[in-house]
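Here, residue 1 is the first one in the sequence, and each next residue gets the next number.
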Amino acid sequence: MSASNTARRASSRLARMRDEWICPSCQLKQLRLSTLNDGYSSIWRSQSRSFASTTTRSFSRSSIRSSDAPAPPLLAKFKPDLKTAMRAKDTPRLNVLRAMISDYNNSTKTNSPIKTDLQILALLKKKKGGSQTAAQEAKEAARDDLVQKQEAEIAIMDEYAGAVEMMSEDDILASVQSTIERLQSAAKDLELKAGNVLKELFKAGGIFDGKPVEKAQVAKAVSQLLSDNKGELKKDEKPSNS
């Protein structure tokens, strides 16, 4: 081996040793840094496990609360219908069902979740009003394609709204009349107000509490019957003889 090769190898070895050499002070700093990183890693792993455990318990409690509250009967029809619409590629029905299910899920996260078919019916009517407005705007813009889309969705909303069994008008009138007579008997000579009758009908445990009936329809019946009763009272009054 020539002297020049030996010198080059020795020089290369010395260069590597110089690059790899770390002063004692730097070694101490690296040791401290390594220890600190290990500590942070340990804390992070501990917090991650704690967060995962807390999240799991919270989700479990939330699932239990959701399962305790029974879904409205009409909602039970939405879910299988959604699968059928997906297979049939029924776009209008898909749009309606997805919107309704989404609104229901969002309501479960609020203080006033949807619990009854009557609430779903109110939501359907609200969405129908929006679709009717959109259809009118599309008609004015000469967009027949959008008009047809909205009209198709409105027809589907009407279909589901018709599936909600409401109290008949006769049953509503009979219930209102019996309540008015009971309140008038208790009030004696005091004039009975429509607001008092409605409060009695819809109070917790009242005749219409949780029943499939629209408040506007009941209010109309109350006004009508109170007016009729006043007319009958006037007819029954006899003029005094002078």
Check your understanding: Does Glu140 CD have over 12 foreign heavy atoms under 6.0 Å away?
Key -> yes
Measure the shortest side-chain to side-chain distance between [X] and [Y] over non-hydrogen atoms and say whether it is less than 4.5 angstrom.
X      : Y      : answer
Asp90  : Pro92  : yes
Lys149 : Asn95  : yes
Phe202 : Val218 : yes
Asp144 : Lys139 : no
Glu169 : Gln217 : yes
Met167 : Phe208 : yes

Can any side-chain N or O of [X] pair as donor or acceptor with the backbone N or O of [Y] at less than 3.5 Å?
X      : Y      : value
Asp117 : Leu74  : yes
Gln148 : Asp145 : no
Asn106 : Ser102 : yes
Ser223 : Lys220 : no

Review point. For the rings on Tyr160 and Phe78, is their centre-to-centre separation under 6.0 Å?
Key: yes
Verify the distance criterion only: is there a donor paired with an acceptor across the side chains of [X] and [Y] at less than 3.5 Å?
X      : Y      : answer
Asp81  : Thr84  : no
Gln132 : Gln136 : no
Thr179 : Glu200 : no

Where is the tightest heavy-atom contact between [X] and [Y], given as atom of each residue plus distance?
X      : Y      : answer
Lys203 : Asp209 : O-CB, 3.3 Å
Ala221 : Ile172 : CB-CG2, 4.2 Å
Ala138 : Leu146 : CB-CB, 3.7 Å

Check your understanding: Is Leu124 linked to Ile154 within one hydrophobic cluster, defined over Ile, Leu, Val, Met, Phe, Trp and Tyr using a side-chain heavy-atom separation of less than 4.5 Å?
Key -> no
Check your understanding: Shared ILVMFWY cluster between Leu123 and Leu94, side chains joined below 4.5 angstrom?
Key -> yes
So how far is it from [X] [atom1] to [Y] [atom2], rounded to the nearest 0.5 Å?
X      : Y      : atom1 : atom2 : result
Lys79  : Leu97  : NZ    : CG    : 12.0 Å
Ile114 : Ile120 : CD1   : CD1   : 6.0 Å
Ile180 : Ser175 : CD1   : OG    : 11.0 Å
Asp158 : Lys125 : CG    : NZ    : 10.0 Å
Lys215 : Leu201 : NZ    : CG    : 10.0 Å
Ser107 : Lys115 : OG    : NZ    : 10.0 Å

Check your understanding: Thinking salt bridges, do Asp103 and Lys127 make one under a 4.0 Å N-O criterion?
Key -> yes
Practice item. Could you give me the CA-CA distance, side-chain angles and deciding distance for Glu159 and Arg93, then say whether salt bridge (charged side-chain N to carboxylate O under 4.0 Å, His left out) is met? Key: CA-CA 11 Å; Glu159 174 189 331; Arg93 191 172 296 273; 3.0 Å; yes
